[in-house]
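A quick write-up on the structure given underneath.
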2 protein chains.
Amino acid sequence: MSHRSIKERMLSAIRPTHGDPPPARWQQRKSAQTRQRLVDGGVQCLIQRGYAGLTTAAVAELCEVSRGAMHHHFATRLELVGAVIEHVLYQRMHRFLEDYFTALKRRGEELLVEIACESHWQSVQTNEYAAYLELTLAARTDVELAELFNPASRRYDQIWIGEMIEAFPQWKAHWDNLKLANDVTLALHMGMLLHRPVFGEGERMAQLQQVATRIVQSLYDAP
Amino acid sequence: MSHRSIKERMLSAIRPTHGDPPPARWQQRKSAQTRQRLVDGGVQCLIQRGYAGLTTAAVAELCEVSRGAMHHHFATRLELVGAVIEHVLYQRMHRFLEDYFTALKRRGEELLVEIACESHWQSVQTNEYAAYLELTLAARTDVELAELFNPASRRYDQIWIGEMIEAFPQWKAHWDNLKLANDVTLALHMGMLLHRPVFGEGERMAQLQQVATRIVQSLYDAP
DNA sequence: GCTTTTACCGGCAGTCGTGCCTGTTTTATG
DNA sequence: CATAAAACAGGCACGACTGCCGGTAAAAGC
(Lines give C-alpha, C1' and ligand atoms only; values in the text may rest on other atoms or scores of the structure.)
Protein backbone atom coordinates (compact mmCIF):
# COMPACT_ATOMS: atom_id res chain seq x y z
CA MET A 1 0.00 0.00 0.00
CA SER A 2 1.41 3.38 -0.98
CA HIS A 3 2.22 6.19 1.40
CA ARG A 4 -0.46 8.32 -0.11
CA SER A 5 -3.26 5.83 0.38
CA ILE A 6 -2.23 5.05 3.95
CA LYS A 7 -2.28 8.71 4.74
CA GLU A 8 -5.67 9.18 3.12
CA ARG A 9 -7.16 6.22 4.92
CA MET A 10 -5.93 7.34 8.33
CA LEU A 11 -7.16 10.85 7.76
CA SER A 12 -10.57 9.81 6.54
CA ALA A 13 -10.99 7.66 9.64
CA ILE A 14 -10.58 10.68 11.88
CA ARG A 15 -12.07 13.38 9.67
CA PRO A 16 -14.74 15.57 11.28
CA THR A 17 -18.19 14.37 10.31
CA HIS A 18 -20.27 17.47 9.87
CA GLY A 19 -21.38 18.30 6.39
CA ASP A 20 -20.17 15.27 4.53
CA PRO A 21 -22.22 16.04 1.39
CA PRO A 22 -20.42 18.81 -0.48
CA PRO A 23 -22.41 22.02 -0.12
CA ALA A 24 -24.17 22.80 -3.38
CA ARG A 25 -26.17 25.89 -2.47
CA TRP A 26 -24.70 29.29 -1.93
CA GLN A 27 -26.18 29.69 1.47
CA GLN A 28 -24.94 26.36 2.73
CA ARG A 29 -21.47 27.08 1.45
CA LYS A 30 -21.33 30.35 3.28
CA SER A 31 -22.75 28.73 6.38
CA ALA A 32 -20.16 25.96 6.36
CA GLN A 33 -17.48 28.55 5.81
CA THR A 34 -18.59 30.60 8.80
CA ARG A 35 -18.84 27.49 10.89
CA GLN A 36 -15.30 26.54 9.97
CA ARG A 37 -14.10 30.04 10.80
CA LEU A 38 -15.63 29.68 14.23
CA VAL A 39 -14.01 26.32 14.83
CA ASP A 40 -10.65 27.73 13.78
CA GLY A 41 -11.22 30.67 16.09
CA GLY A 42 -11.97 28.23 18.88
CA VAL A 43 -8.67 26.48 18.25
CA GLN A 44 -6.86 29.81 18.29
CA CYS A 45 -8.43 30.73 21.62
CA LEU A 46 -7.49 27.33 22.97
CA ILE A 47 -3.87 27.79 21.99
CA GLN A 48 -3.49 31.37 23.11
CA ARG A 49 -5.63 31.48 26.22
CA GLY A 50 -6.18 27.89 27.26
CA TYR A 51 -9.38 25.96 27.65
CA ALA A 52 -10.73 28.40 30.22
CA GLY A 53 -10.19 31.15 27.66
CA LEU A 54 -12.16 29.30 25.00
CA THR A 55 -15.24 31.41 25.53
CA THR A 56 -18.09 32.06 23.13
CA ALA A 57 -17.59 35.79 23.39
CA ALA A 58 -13.88 35.58 22.67
CA VAL A 59 -14.37 33.33 19.65
CA ALA A 60 -17.10 35.53 18.23
CA GLU A 61 -14.97 38.63 18.63
CA LEU A 62 -11.88 36.96 17.18
CA CYS A 63 -13.83 35.78 14.12
CA GLU A 64 -15.68 39.07 13.80
CA VAL A 65 -18.97 37.22 14.01
CA SER A 66 -21.93 38.42 16.03
CA ARG A 67 -22.93 36.56 19.15
CA GLY A 68 -26.20 35.79 17.46
CA ALA A 69 -24.53 34.05 14.55
CA MET A 70 -22.31 32.24 16.99
CA HIS A 71 -25.37 30.94 18.77
CA HIS A 72 -26.96 29.97 15.48
CA HIS A 73 -24.10 27.65 14.61
CA PHE A 74 -23.30 26.48 18.13
CA ALA A 75 -26.15 26.82 20.58
CA THR A 76 -23.92 26.10 23.55
CA ARG A 77 -20.29 26.41 24.37
CA LEU A 78 -19.90 22.67 24.68
CA GLU A 79 -21.24 22.22 21.19
CA LEU A 80 -18.43 24.37 19.87
CA VAL A 81 -15.97 22.47 22.00
CA GLY A 82 -17.12 19.23 20.42
CA ALA A 83 -16.43 20.57 16.95
CA VAL A 84 -13.07 21.90 18.10
CA ILE A 85 -12.12 18.48 19.46
CA GLU A 86 -12.89 16.73 16.17
CA HIS A 87 -10.99 19.36 14.24
CA VAL A 88 -7.98 19.30 16.51
CA LEU A 89 -7.64 15.52 16.43
CA TYR A 90 -7.88 15.55 12.67
CA GLN A 91 -5.34 18.31 12.33
CA ARG A 92 -2.94 16.59 14.66
CA MET A 93 -2.86 13.42 12.62
CA HIS A 94 -2.75 15.38 9.39
CA ARG A 95 0.21 17.39 10.52
CA PHE A 96 2.29 14.44 11.62
CA LEU A 97 1.59 12.38 8.51
CA GLU A 98 2.40 15.34 6.31
CA ASP A 99 5.77 15.89 7.96
CA TYR A 100 6.61 12.23 8.27
CA PHE A 101 5.97 11.18 4.70
CA THR A 102 7.63 14.27 3.31
CA ALA A 103 10.77 13.66 5.32
CA LEU A 104 10.71 9.97 4.50
CA LYS A 105 10.55 10.66 0.80
CA ARG A 106 13.32 13.20 1.01
CA ARG A 107 15.78 11.35 3.20
CA GLY A 108 15.16 7.72 2.40
CA GLU A 109 13.58 4.76 4.15
CA GLU A 110 16.78 3.53 5.75
CA LEU A 111 16.60 6.43 8.24
CA LEU A 112 13.05 5.45 9.17
CA VAL A 113 13.42 5.40 12.96
CA GLU A 114 15.31 8.63 13.12
CA ILE A 115 12.86 10.33 10.81
CA ALA A 116 9.84 9.07 12.72
CA CYS A 117 11.22 10.30 16.05
CA GLU A 118 12.20 13.64 14.65
CA SER A 119 8.92 14.12 12.86
CA HIS A 120 7.01 13.32 16.00
CA TRP A 121 9.06 15.71 18.08
CA GLN A 122 8.44 18.35 15.45
CA SER A 123 4.74 17.62 15.35
CA VAL A 124 4.56 17.99 19.10
CA GLN A 125 5.79 21.55 18.85
CA THR A 126 3.05 22.71 16.49
CA ASN A 127 -0.03 24.73 17.27
CA GLU A 128 -2.20 21.74 16.43
CA TYR A 129 -0.58 19.74 19.17
CA ALA A 130 -0.74 22.65 21.59
CA ALA A 131 -4.50 22.64 21.15
CA TYR A 132 -4.65 18.89 21.63
CA LEU A 133 -2.54 19.20 24.75
CA GLU A 134 -4.72 21.92 26.16
CA LEU A 135 -7.76 19.70 25.78
CA THR A 136 -5.97 16.75 27.36
CA LEU A 137 -5.03 18.82 30.35
CA ALA A 138 -8.39 20.50 30.80
CA ALA A 139 -10.16 17.14 30.57
CA ARG A 140 -8.38 16.11 33.74
CA THR A 141 -10.46 18.42 35.90
CA ASP A 142 -13.47 19.24 33.73
CA VAL A 143 -15.87 16.30 33.74
CA GLU A 144 -18.06 17.66 30.95
CA LEU A 145 -15.05 17.99 28.70
CA ALA A 146 -13.69 14.63 29.78
CA GLU A 147 -16.89 12.91 28.71
CA LEU A 148 -16.54 14.49 25.33
CA PHE A 149 -12.81 14.39 24.83
CA ASN A 150 -11.58 11.15 26.34
CA PRO A 151 -13.65 8.86 24.12
CA ALA A 152 -12.52 10.85 21.08
CA SER A 153 -8.95 10.65 22.26
CA ARG A 154 -9.14 6.90 22.77
CA ARG A 155 -10.68 6.51 19.37
CA TYR A 156 -7.78 8.46 17.91
CA ASP A 157 -5.39 6.10 19.66
CA GLN A 158 -7.19 3.05 18.33
CA ILE A 159 -7.16 4.32 14.77
CA TRP A 160 -3.53 5.24 15.13
CA ILE A 161 -2.53 1.82 16.44
CA GLY A 162 -4.61 0.03 13.86
CA GLU A 163 -3.14 1.89 10.94
CA MET A 164 0.40 2.06 12.21
CA ILE A 165 1.26 -1.40 11.05
CA GLU A 166 0.36 -0.38 7.52
CA ALA A 167 2.66 2.59 7.71
CA PHE A 168 5.52 0.61 9.22
CA PRO A 169 5.48 -2.78 7.47
CA GLN A 170 9.07 -3.33 8.58
CA TRP A 171 7.85 -3.88 12.15
CA LYS A 172 5.35 -6.60 11.34
CA ALA A 173 7.54 -9.21 12.96
CA HIS A 174 7.57 -7.50 16.37
CA TRP A 175 4.26 -5.80 16.61
CA ASP A 176 4.44 -5.37 20.38
CA ASN A 177 7.70 -3.49 20.11
CA LEU A 178 6.16 -1.04 17.70
CA LYS A 179 3.31 -0.32 20.06
CA LEU A 180 5.68 0.11 22.95
CA ALA A 181 7.96 2.39 20.95
CA ASN A 182 4.95 4.44 20.02
CA ASP A 183 3.79 4.77 23.62
CA VAL A 184 7.24 5.74 24.83
CA THR A 185 7.51 8.40 22.18
CA LEU A 186 4.09 9.81 22.91
CA ALA A 187 4.67 10.00 26.65
CA LEU A 188 8.25 11.19 26.53
CA HIS A 189 7.65 13.92 23.98
CA MET A 190 4.65 15.24 25.87
CA GLY A 191 6.69 15.30 29.05
CA MET A 192 9.57 17.01 27.28
CA LEU A 193 7.28 19.67 25.91
CA LEU A 194 5.81 20.39 29.31
CA HIS A 195 9.22 20.57 30.92
CA ARG A 196 10.47 23.12 28.44
CA PRO A 197 10.11 26.05 30.83
CA VAL A 198 12.40 24.18 33.21
CA PHE A 199 14.75 22.33 30.87
CA GLY A 200 15.09 25.13 28.36
CA GLU A 201 15.58 24.43 24.70
CA GLY A 202 19.27 23.70 24.55
CA GLU A 203 21.53 20.75 25.16
CA ARG A 204 19.40 19.26 27.88
CA MET A 205 16.45 18.86 25.55
CA ALA A 206 18.60 17.62 22.67
CA GLN A 207 19.98 14.84 24.85
CA LEU A 208 16.49 13.76 25.78
CA GLN A 209 15.50 13.60 22.15
CA GLN A 210 18.60 11.53 21.55
CA VAL A 211 17.54 9.11 24.26
CA ALA A 212 14.07 8.89 22.75
CA THR A 213 15.51 7.95 19.39
CA ARG A 214 17.86 5.44 20.96
CA ILE A 215 15.01 3.67 22.76
CA VAL A 216 12.95 3.37 19.61
CA GLN A 217 15.96 2.21 17.67
CA SER A 218 16.74 -0.48 20.22
CA LEU A 219 13.14 -1.67 20.11
CA TYR A 220 13.39 -1.71 16.33
CA ASP A 221 16.58 -3.75 16.34
CA ALA A 222 15.52 -6.15 19.09
CA PRO A 223 13.69 -9.36 18.22
CA MET B 1 26.10 12.43 54.94
CA SER B 2 23.11 10.55 56.31
CA HIS B 3 19.82 10.13 54.54
CA ARG B 4 18.10 12.15 57.21
CA SER B 5 20.33 15.19 56.89
CA ILE B 6 20.18 15.16 53.09
CA LYS B 7 16.42 15.11 53.26
CA GLU B 8 16.32 17.92 55.81
CA ARG B 9 18.68 20.07 53.78
CA MET B 10 16.73 19.62 50.56
CA LEU B 11 13.46 20.37 52.27
CA SER B 12 14.71 23.43 54.07
CA ALA B 13 15.97 24.80 50.77
CA ILE B 14 12.47 24.74 49.31
CA ARG B 15 10.40 25.35 52.46
CA PRO B 16 7.81 28.14 52.22
CA THR B 17 9.15 31.34 53.73
CA HIS B 18 6.24 32.93 55.49
CA GLY B 19 6.33 33.01 59.27
CA ASP B 20 9.81 31.76 59.91
CA PRO B 21 9.85 32.84 63.56
CA PRO B 22 7.72 30.36 65.50
CA PRO B 23 4.46 32.03 66.49
CA ALA B 24 4.49 32.76 70.20
CA ARG B 25 1.23 34.64 70.67
CA TRP B 26 -2.17 33.03 70.54
CA GLN B 27 -3.46 35.32 67.87
CA GLN B 28 -0.55 34.77 65.58
CA ARG B 29 -0.84 31.05 65.99
CA LYS B 30 -4.47 31.08 65.03
CA SER B 31 -3.76 33.41 62.16
CA ALA B 32 -1.03 31.17 60.80
CA GLN B 33 -3.33 28.22 61.22
CA THR B 34 -6.12 29.86 59.25
CA ARG B 35 -3.67 30.91 56.59
CA GLN B 36 -2.41 27.39 56.28
CA ARG B 37 -5.98 26.11 56.05
CA LEU B 38 -6.58 28.50 53.18
CA VAL B 39 -3.47 27.39 51.36
CA ASP B 40 -4.48 23.76 51.78
CA GLY B 41 -7.94 24.63 50.52
CA GLY B 42 -6.35 26.27 47.51
CA VAL B 43 -4.41 23.10 46.78
CA GLN B 44 -7.59 21.06 47.11
CA CYS B 45 -9.39 23.33 44.65
CA LEU B 46 -6.46 23.07 42.30
CA ILE B 47 -6.57 19.29 42.37
CA GLN B 48 -10.30 18.89 42.11
CA ARG B 49 -11.29 21.73 39.82
CA GLY B 50 -8.12 22.83 38.09
CA TYR B 51 -6.42 26.21 38.10
CA ALA B 52 -9.47 27.92 36.69
CA GLY B 53 -11.44 26.51 39.61
CA LEU B 54 -8.99 27.91 42.13
CA THR B 55 -11.22 30.83 43.00
CA THR B 56 -11.26 32.91 46.17
CA ALA B 57 -14.94 32.18 46.71
CA ALA B 58 -14.47 28.42 46.33
CA VAL B 59 -11.51 28.34 48.71
CA ALA B 60 -13.31 30.41 51.32
CA GLU B 61 -16.36 28.18 51.16
CA LEU B 62 -14.31 24.99 51.26
CA CYS B 63 -12.42 26.19 54.32
CA GLU B 64 -15.54 27.62 55.94
CA VAL B 65 -13.88 31.01 56.17
CA SER B 66 -15.64 34.26 55.40
CA ARG B 67 -14.68 36.16 52.29
CA GLY B 68 -13.54 38.95 54.55
CA ALA B 69 -11.07 36.73 56.38
CA MET B 70 -9.93 35.39 53.05
CA HIS B 71 -9.21 38.91 51.90
CA HIS B 72 -7.45 39.67 55.15
CA HIS B 73 -4.91 36.90 54.60
CA PHE B 74 -4.69 37.15 50.83
CA ALA B 75 -5.72 40.47 49.38
CA THR B 76 -5.75 39.17 45.86
CA ARG B 77 -6.19 35.83 44.19
CA LEU B 78 -2.66 35.88 42.87
CA GLU B 79 -1.33 36.32 46.37
CA LEU B 80 -3.00 33.09 47.36
CA VAL B 81 -1.67 31.42 44.25
CA GLY B 82 1.84 32.42 45.23
CA ALA B 83 1.47 30.76 48.61
CA VAL B 84 -0.05 27.70 46.98
CA ILE B 85 2.92 27.43 44.61
CA GLU B 86 5.44 27.48 47.44
CA HIS B 87 3.47 24.94 49.40
CA VAL B 88 2.98 22.62 46.45
CA LEU B 89 6.65 22.60 45.51
CA TYR B 90 7.61 21.88 49.09
CA GLN B 91 5.09 19.10 49.42
CA ARG B 92 6.17 17.53 46.18
CA MET B 93 9.77 17.20 47.27
CA HIS B 94 8.75 16.11 50.73
CA ARG B 95 6.54 13.37 49.40
CA PHE B 96 9.15 11.93 47.08
CA LEU B 97 11.94 11.98 49.65
CA GLU B 98 9.70 10.38 52.25
CA ASP B 99 8.80 7.50 49.94
CA TYR B 100 12.25 7.09 48.52
CA PHE B 101 14.22 6.90 51.75
CA THR B 102 11.64 4.68 53.36
CA ALA B 103 11.74 2.22 50.49
CA LEU B 104 15.53 2.41 50.34
CA LYS B 105 15.85 1.56 54.00
CA ARG B 106 13.39 -1.28 53.73
CA ARG B 107 14.62 -2.92 50.55
CA GLY B 108 18.33 -2.22 50.57
CA GLU B 109 20.68 0.01 48.62
CA GLU B 110 21.51 -2.55 45.96
CA LEU B 111 18.05 -2.00 44.42
CA LEU B 112 18.70 1.74 44.24
CA VAL B 113 17.76 2.33 40.61
CA GLU B 114 14.62 0.28 40.77
CA ILE B 115 13.54 1.91 44.00
CA ALA B 116 14.20 5.40 42.71
CA CYS B 117 12.16 4.80 39.55
CA GLU B 118 9.32 3.21 41.42
CA SER B 119 9.28 5.89 44.09
CA HIS B 120 9.18 8.57 41.46
CA TRP B 121 6.36 6.92 39.59
CA GLN B 122 4.49 6.62 42.85
CA SER B 123 5.16 10.23 43.74
CA VAL B 124 3.80 11.31 40.39
CA GLN B 125 0.46 9.76 41.19
CA THR B 126 -0.09 11.71 44.40
CA ASN B 127 -2.30 14.70 45.00
CA GLU B 128 0.77 16.83 45.61
CA TYR B 129 2.00 16.13 42.11
CA ALA B 130 -1.45 16.63 40.64
CA ALA B 131 -1.40 20.14 42.04
CA TYR B 132 2.10 20.75 40.69
CA LEU B 133 1.00 19.47 37.30
CA GLU B 134 -2.04 21.68 37.25
CA LEU B 135 0.15 24.72 37.86
CA THR B 136 2.62 23.64 35.18
CA LEU B 137 -0.16 23.32 32.66
CA ALA B 138 -1.96 26.52 33.56
CA ALA B 139 1.30 28.46 33.40
CA ARG B 140 1.47 27.65 29.70
CA THR B 141 -1.37 29.99 28.84
CA ASP B 142 -1.62 32.28 31.87
CA VAL B 143 1.17 34.83 31.76
CA GLU B 144 0.55 36.12 35.27
CA LEU B 145 0.89 32.63 36.65
CA ALA B 146 3.87 31.88 34.45
CA GLU B 147 5.75 34.85 35.86
CA LEU B 148 5.13 33.51 39.33
CA PHE B 149 5.43 29.79 38.75
CA ASN B 150 8.19 29.29 36.22
CA PRO B 151 10.93 30.91 38.28
CA ALA B 152 9.85 28.88 41.30
CA SER B 153 9.79 25.76 39.21
CA ARG B 154 13.27 26.41 37.84
CA ARG B 155 14.52 27.06 41.32
CA TYR B 156 13.08 23.73 42.40
CA ASP B 157 14.94 22.07 39.54
CA GLN B 158 18.20 23.75 40.51
CA ILE B 159 17.92 22.71 44.12
CA TRP B 160 17.02 19.21 43.07
CA ILE B 161 19.98 18.91 40.72
CA GLY B 162 22.35 20.43 43.22
CA GLU B 163 21.38 18.09 46.03
CA MET B 164 20.93 14.98 43.94
CA ILE B 165 24.60 14.15 43.91
CA GLU B 166 24.53 14.05 47.70
CA ALA B 167 21.66 11.63 47.67
CA PHE B 168 23.22 9.44 44.99
CA PRO B 169 26.95 9.33 45.78
CA GLN B 170 27.25 6.20 43.65
CA TRP B 171 26.82 8.31 40.54
CA LYS B 172 29.60 10.74 41.23
CA ALA B 173 31.71 9.24 38.48
CA HIS B 174 29.18 9.93 35.74
CA TRP B 175 27.39 13.03 36.85
CA ASP B 176 26.00 13.78 33.41
CA ASN B 177 24.31 10.42 33.24
CA LEU B 178 22.55 11.07 36.52
CA LYS B 179 21.19 14.36 35.27
CA LEU B 180 20.05 12.78 32.04
CA ALA B 181 18.41 9.87 33.86
CA ASN B 182 16.63 12.37 36.04
CA ASP B 183 15.34 14.36 33.10
CA VAL B 184 14.15 11.26 31.28
CA THR B 185 12.29 10.08 34.34
CA LEU B 186 10.68 13.45 34.92
CA ALA B 187 9.50 13.81 31.35
CA LEU B 188 8.44 10.23 30.80
CA HIS B 189 6.49 9.93 34.01
CA MET B 190 4.65 13.17 33.39
CA GLY B 191 3.79 12.02 29.90
CA MET B 192 2.66 8.65 31.19
CA LEU B 193 0.43 10.26 33.77
CA LEU B 194 -1.20 12.47 31.17
CA HIS B 195 -1.72 9.57 28.81
CA ARG B 196 -3.51 7.52 31.44
CA PRO B 197 -6.97 8.22 30.05
CA VAL B 198 -5.77 6.78 26.76
CA PHE B 199 -3.32 4.09 27.84
CA GLY B 200 -5.34 2.88 30.78
CA GLU B 201 -3.68 1.54 33.91
CA GLY B 202 -2.86 -1.99 32.87
CA GLU B 203 -0.14 -3.75 30.96
CA ARG B 204 0.52 -0.89 28.61
CA MET B 205 1.49 1.41 31.46
CA ALA B 206 3.49 -1.27 33.25
CA GLN B 207 5.60 -1.82 30.16
CA LEU B 208 6.34 1.87 29.96
CA GLN B 209 7.43 1.93 33.57
CA GLN B 210 9.66 -1.04 32.78
CA VAL B 211 11.24 0.89 29.91
CA ALA B 212 11.80 3.87 32.19
CA THR B 213 13.63 1.71 34.71
CA ARG B 214 15.65 0.06 31.98
CA ILE B 215 16.83 3.41 30.64
CA VAL B 216 17.91 4.64 34.04
CA GLN B 217 19.63 1.35 34.76
CA SER B 218 21.55 1.49 31.50
CA LEU B 219 22.65 5.02 32.26
CA TYR B 220 23.72 3.83 35.70
CA ASP B 221 25.75 0.95 34.32
CA ALA B 222 27.28 2.87 31.44
CA PRO B 223 30.59 4.67 31.94
C1' DG C 1 -44.66 36.50 -6.60
C1' DC C 2 -45.57 34.81 -1.97
C1' DT C 3 -44.34 32.03 1.81
C1' DT C 4 -41.03 29.53 4.39
C1' DT C 5 -36.64 28.57 5.70
C1' DT C 6 -32.02 29.96 6.81
C1' DA C 7 -28.19 32.92 8.24
C1' DC C 8 -27.34 36.55 11.01
C1' DC C 9 -27.92 40.58 14.46
C1' DG C 10 -27.94 42.73 19.04
C1' DG C 11 -29.98 43.09 23.55
C1' DC C 12 -31.52 41.18 28.23
C1' DA C 13 -31.44 38.65 32.51
C1' DG C 14 -29.00 35.60 35.39
C1' DT C 15 -24.78 33.82 37.47
C1' DC C 16 -20.26 34.04 39.12
C1' DG C 17 -15.83 35.83 40.52
C1' DT C 18 -13.18 39.71 41.95
C1' DG C 19 -11.67 43.57 44.69
C1' DC C 20 -12.85 46.89 48.07
C1' DC C 21 -14.99 48.73 51.93
C1' DT C 22 -17.32 49.37 56.47
C1' DG C 23 -18.35 47.20 60.73
C1' DT C 24 -17.59 43.84 64.84
C1' DT C 25 -15.16 40.90 67.93
C1' DT C 26 -11.05 39.40 70.09
C1' DT C 27 -6.35 40.01 71.68
C1' DA C 28 -2.27 42.76 72.87
C1' DT C 29 -0.25 47.06 74.96
C1' DG C 30 0.54 50.94 78.27
C1' DC D 1 -9.23 50.03 82.25
C1' DA D 2 -8.54 52.47 77.83
C1' DT D 3 -6.76 52.28 73.42
C1' DA D 4 -4.70 50.32 69.53
C1' DA D 5 -4.23 46.60 66.56
C1' DA D 6 -5.02 42.39 65.06
C1' DA D 7 -8.47 38.72 62.97
C1' DC D 8 -12.69 38.23 61.03
C1' DA D 9 -17.70 39.05 58.96
C1' DG D 10 -20.51 40.28 55.22
C1' DG D 11 -22.26 43.54 51.84
C1' DC D 12 -21.69 46.23 47.26
C1' DA D 13 -20.34 47.44 42.62
C1' DC D 14 -18.14 46.08 38.62
C1' DG D 15 -17.02 43.17 34.84
C1' DA D 16 -17.24 38.74 32.27
C1' DC D 17 -19.61 34.81 30.36
C1' DT D 18 -23.66 32.17 29.34
C1' DG D 19 -28.02 31.10 27.33
C1' DC D 20 -31.99 32.81 25.20
C1' DC D 21 -35.08 35.55 22.58
C1' DG D 22 -37.36 38.81 19.21
C1' DG D 23 -36.20 40.95 14.91
C1' DT D 24 -34.17 41.51 9.88
C1' DA D 25 -32.58 40.39 5.37
C1' DA D 26 -31.45 37.12 1.97
C1' DA D 27 -32.06 32.72 -0.27
C1' DA D 28 -35.13 28.50 -1.40
C1' DG D 29 -39.26 26.33 -2.39
C1' DC D 30 -43.93 26.33 -4.59
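Each chain gets a letter, A, B and so on, in the order the sequences are listed, and its residues count up from 1.
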Exercise answer: donor-acceptor pairs, residues 48-57 of chain B side-chain atoms, under 3.5 Å, sequence neighbours excluded:
from  : atom 1 : to    : atom 2 : distance (Å)
B:Q48 : NE2    : B:Q44 : OE1    : 3.4
B:Y51 : OH     : B:R77 : NH2    : 3.1
B:T55 : OG1    : B:A57 : N      : 3.2

Donor-acceptor pairs are to be reported for all side-chain atoms of residues 130-139 of chain B against protein atoms at under 3.5 Å, with residues two or more places apart or in another chain.
from   : atom 1 : to     : atom 2 : distance (Å)
B:Y132 : OH     : B:R92  : NH1    : 3.4
B:T136 : OG1    : B:Y132 : O      : 2.9

Could you list the donor-acceptor pairs under 3.5 angstrom formed by side chains in residues 67-74 of chain A, with sequence neighbours left out?
from  : atom 1 : to    : atom 2 : distance (Å)
A:H71 : ND1    : A:A75 : O      : 3.0

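Relative to the axis of its first five pairs, the axis of the last five pairs of the helix from C:dG1-D:dC30 to C:dG30-D:dC1 sits at 0°, rounded to 10 degrees.
Here the shortest heavy-atom pairing between A:L46 and A:V84 reads CD2-CG1, 4.0 Å. In terms of heavy atoms, B:G41 sits closest to B:L62 at O-CD2, 3.7 Å.
The side chain to side chain contact (heavy atoms under 4.5 Å, CB included) check on A:I165 picks up A:K172, A:W175, with sequence neighbours excluded. The side chain to side chain contact (heavy atoms under 4.5 Å, CB included) check on A:T126 picks up A:R95, A:E128, A:Y129, with sequence neighbours excluded. Not counting sequence neighbours, the partners of B:Q36 by the side chain to side chain contact (heavy atoms under 4.5 Å, CB included) test are B:V39, B:D40, B:H87.
Put simply, CD on B:E64 is 14 Å from P on D:dC8, counting in whole angstrom units. Between A:R35 atom CZ and C:dC8 atom P there is a gap of 12 Å when expressed in whole angstrom units.
The pair A:K7-A:E98 counts as a salt bridge, with a side-chain nitrogen and a carboxylate oxygen less than 4.0 angstrom apart.
Inter-residue side-chain proximity for A:L145 and A:I85 is flagged as met; some heavy-atom pair is nearer than 4.5 Å. A 4.5 Å side-chain heavy-atom check between B:V65 and B:R37 finds at least one atom pair inside the cut-off. By the 4.5 Å heavy-atom criterion applied to side chains, B:L188 and B:M192 are counted as neighbours.
Listed for the B:R15 side chain is no donor-acceptor partner under 3.5 Å among the backbone atoms of B:Y90. A donor-acceptor distance shorter than 3.5 angstrom exists from the side chain of B:S12 to the backbone of B:R9, with no hydrogens or angles considered.
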Got a list of protein N/O to nucleotides 14-16 of chain D N/O distances below 3.5 Å?
none

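Applying a 4.0 Å cut-off to non-hydrogen atoms, the residues of residues 65-85 of chain A that approach DNA chain C are A:S66, A:G68, A:A69, A:H72, A:H73, listed by residue number. Near DNA chain D, meaning a heavy atom under 4.0 Å away, the residues from residues 42-55 of chain A are A:R49, A:T55. Listed by residue number, the members of residues 133-150 of chain B with any heavy atom below 4.0 angstrom from DNA chain D form an empty set.
Here side-chain hydrogen bond (donor to acceptor under 3.5 Å, both in side chains) pairs that include residues 182-206 of chain B, with residues two or more places apart or in two chains, are A:D157-B:R204, A:D183-B:R204, A:R204-B:D183, B:H120-B:H189, B:Q125-B:R196, B:W160-B:N182, B:H189-B:Q209.
Put simply, B:T56 has a side-chain N or O that comes within less than 4.0 Å of OP1 or OP2 on C:dT18.
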